[in-house]
Amino acid sequence: ASTTARHEDESSDSGGEEFEFLEKLRPELQHGFRIMKELVADNNTIWPFLKPVDVKELGLVNYYAVVKRPMCFTQMESKFKEDKYDSITAFVADVRLTLENC
């Protein structure tokens with residue numbers, strides 16, 4: 001299926017309650033959410049950035065001294081769903097922050 005068809009399926013799928021919030025977002029944020037979902041779908045590349053870093057499990061005692069504002073794609077998805085992005089620029093800033101935190 002084409003990317004466009006896949007996106008239409010996400011927002012109109014009666015079983016896809018996960019995407020009902022999309023209708024409430026402005027078009028630019030809907031597009032940003034779809035871009036994020038495409039990035040997350042590439043698990044082979046993006047897996048280190050999917051979930052928050054488990055500082056205790058990894059023994060990263062100075063993590064918060066180095067990373068002042070942790071961010072991951074799970075947090076971004078929550079921000080979309082909770083309507084916390086006021087613009088596409090805010091979403092792009094979070095993607096950039098995720099990469100800069102490396």
Side-chain angles (χ1 to χ4, degrees):
S2 73
T3 303
T4 304
R6 185 172 60 239
H7 292 184
E8 289 171 1
D9 288 346
E10 287 174 353
S11 60
S12 65
D13 180 6
S14 60
E17 295 171 7
E18 175 183 354
F19 298 104
E20 285 181 6
F21 71 94
L22 272 178
E23 296 172 6
K24 298 175 185 171
L25 297 177
R26 291 190 318 270
E28 69 174 12
L29 290 172
Q30 289 178 11
H31 187 67
F33 179 80
R34 290 178 179 126
I35 289 170
M36 184 205 65
K37 291 304 275 187
E38 287 180 17
L39 288 170
V40 169
D42 185 8
N43 245 349
N44 292 327
T45 303
I46 203 100
W47 68 267
F49 309 106
L50 289 177
K51 296 181 180 179
V53 172
D54 189 338
V55 175
K56 288 181 182 178
E57 182 178 312
L58 297 172
L60 303 173
V61 293
N62 67 339
Y63 179 78
Y64 294 110
V66 175
V67 178
K68 303 295 184 196
R69 294 178 28 217
M71 182 54 63
C72 67
F73 283 96
T74 301
Q75 291 171 293
M76 285 180 248
E77 183 170 2
S78 293
K79 288 175 83 170
F80 274 113
K81 289 180 178 180
E82 296 167 10
D83 197 21
K84 291 190 176 180
Y85 285 123
D86 58 358
S87 69
I88 193 71
T89 304
F91 163 64
V92 170
D94 277 351
V95 173
R96 183 178 188 143
L97 176 61
T98 301
L99 299 175
E100 289 174 350
N101 283 342
C102 291

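For reference, positions follow the sequence shown, starting with 1.
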side-chain hydrogen bond (donor to acceptor under 3.5 Å, both in side chains) involving Glu28 - partner list, sequence neighbours excluded = Arg26
Could I get the full list of side-chain contact (heavy atoms from CB on, under 4.5 Å) partners for Asn44, not counting sequence neighbours?
-> Asp42
Give, for atom CD of Gln75 and atom CG of Leu50, the distance between the pair rounded to the nearest 0.5 Å.
-> 11.5 Å
Drop me the distance from Leu39's CG to Phe73's CZ, to the nearest 0.5 angstrom.
-> 5.0 Å
Output every pair passing ring-ring contact (aromatic ring centres under 6.0 Å, His included) with a member in residues 45-64, not counting sequence neighbours, ordered by first then second residue.
-> none
Could you list the donor-acceptor pairs under 3.5 angstrom formed between side-chain atoms of residues 93-102 and any protein atom two or more places apart in sequence or on another chain?
unit_1: Asp94; atom_1: OD2; unit_2: Lys79; atom_2: NZ; d: 2.7
unit_1: Asp94; atom_1: OD2; unit_2: Tyr85; atom_2: OH; d: 2.6
unit_1: Arg96; atom_1: NE; unit_2: Glu100; atom_2: OE2; d: 2.8
unit_1: Thr98; atom_1: OG1; unit_2: Asp94; atom_2: O; d: 2.9
unit_1: Asn101; atom_1: ND2; unit_2: Arg69; atom_2: O; d: 2.9
unit_1: Asn101; atom_1: ND2; unit_2: Leu97; atom_2: O; d: 3.4

Which residues satisfy the salt bridge (charged side-chain N to carboxylate O under 4.0 Å, His left out) test with Lys84, sequence neighbours excluded?
-> Glu82
Heavy-atom closest pair (Met36 atom, Met76 atom, distance to 0.1 Å) is SD-CB, 3.9 Å
Work out which heavy atom in Phe80 is nearest to a heavy atom in Leu29; give both atom names and the distance.
-> CE2-O, 3.4 Å
Say whether Val66 and Leu60 are linked into one hydrophobic cluster, either directly or through other cluster members, by side-chain heavy-atom distances under 4.5 angstrom.
-> yes
Please, which pairs that meet salt bridge (charged side-chain N to carboxylate O under 4.0 Å, His left out) have at least one residue in residues 48-63, sequence neighbours excluded?
-> none
